[in-house]
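Along the sequence shown, residues carry numbers from 1.
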Amino acid sequence: MMSANNIKNVNHNREQEQDKTNVEVKCVEFQPPVDIEETKDEYILNVDMPGVDPNAIDVNLDKDILSIGAKAEIDGLPTRCYRRQFRVMRGLDPAKCKADYKLGVLTLRLAKPSSQVPHQIKISCE
């Protein structure tokens with residue numbers, strides 16, 4: 001039979017276990033600056049994300065939402081969490097999108113859907 005003291009001890013032990021497993025990582029939320037350029041065939045986004053391991057970058061395209069996220073852990077500084085979201089045109093083909101990370105800059109190339117690419121219409125004369 002459990003007494004009130006035993007119940008308190010069980011609850012106290014559970015709280016101690018939760019404290020051990022709930023280690024809070026301090027992360028400074030940061031919206032990185034982004035330069036956006038439009039060409040005839042694509043949109044180019046240059047995202048400043050210094051100190052990030054390229055394998056830690058997460059880029060997702062879900063319908064018309066482009067999400068970019070990453071964590072940068074630099075010795076002696078709090079962890080920096082990069083987060084940005086953009087609403088983009090529907091119809092972007094993720095298979096035609098490219099990403100490259102070099103010298104702290106993530107470059108995304110989002111190919112426009114063929115219906116959005118301007119086409120020259122030839123005029124015939126009779």
Indicate whether the side chain of Thr107 and that of Asn46 have a donor and an acceptor atom separated by less than 3.5 Å.
yes

How close do [X] and [Y] get, heavy atom to heavy atom, and via which atoms?
{"X": "Gln85", "Y": "Ser67", "answer": "NE2-OG, 3.0 Å"}
{"X": "Gly91", "Y": "Pro113", "answer": "O-CG, 3.5 Å"}
{"X": "Pro32", "Y": "Asp48", "answer": "CB-O, 3.0 Å"}
{"X": "Ala72", "Y": "Pro50", "answer": "CB-O, 4.0 Å"}
{"X": "Arg84", "Y": "Pro33", "answer": "NH1-CA, 4.3 Å"}

Determine, using the 4.5 Å side-chain heavy-atom cutoff (strictly less than), whether [X] and [Y] are members of one ILVMFWY cluster.
{"X": "Ile36", "Y": "Val88", "answer": "yes"}
{"X": "Tyr101", "Y": "Ile44", "answer": "no"}
{"X": "Val47", "Y": "Val28", "answer": "no"}
{"X": "Ile65", "Y": "Val59", "answer": "no"}

Residues Asp41, Lys112: salt bridge by 4.0 Å N-O rule
no

Basic-acidic side-chain contact under 4.0 Å: Glu42, Arg109
yes

Is there side-chain contact between Leu45 and Leu110, with at least one heavy-atom pair below 4.5 Å?
yes

After noting the C-alpha distance and the side-chain angles of Ile57 and Val52, does the key distance pass the side-chain contact (heavy atoms from CB on, under 4.5 Å) rule?
CA-CA 7 Å; Ile57 299 173; Val52 173; 3.4 Å; yes

Before you tell me yes or no, could you show the steps for Arg83 and Gln31 under side-chain contact (heavy atoms from CB on, under 4.5 Å), namely the whole-Å CA-CA distance, both residues' side-chain angles and the distance that decides it to 0.1 Å?
CA-CA 5 Å; Arg83 304 233 187 282; Gln31 283 192 339; 5.7 Å; no

ring-ring contact (aromatic ring centres under 6.0 Å, His included): pairs with one or both residues in residues 59-89, sequence neighbours excluded
Phe30-Tyr82

How long is the straight-line distance from CG of Leu108 back to CG of Leu66, given to the nearest 0.5 Å?
6.0 Å

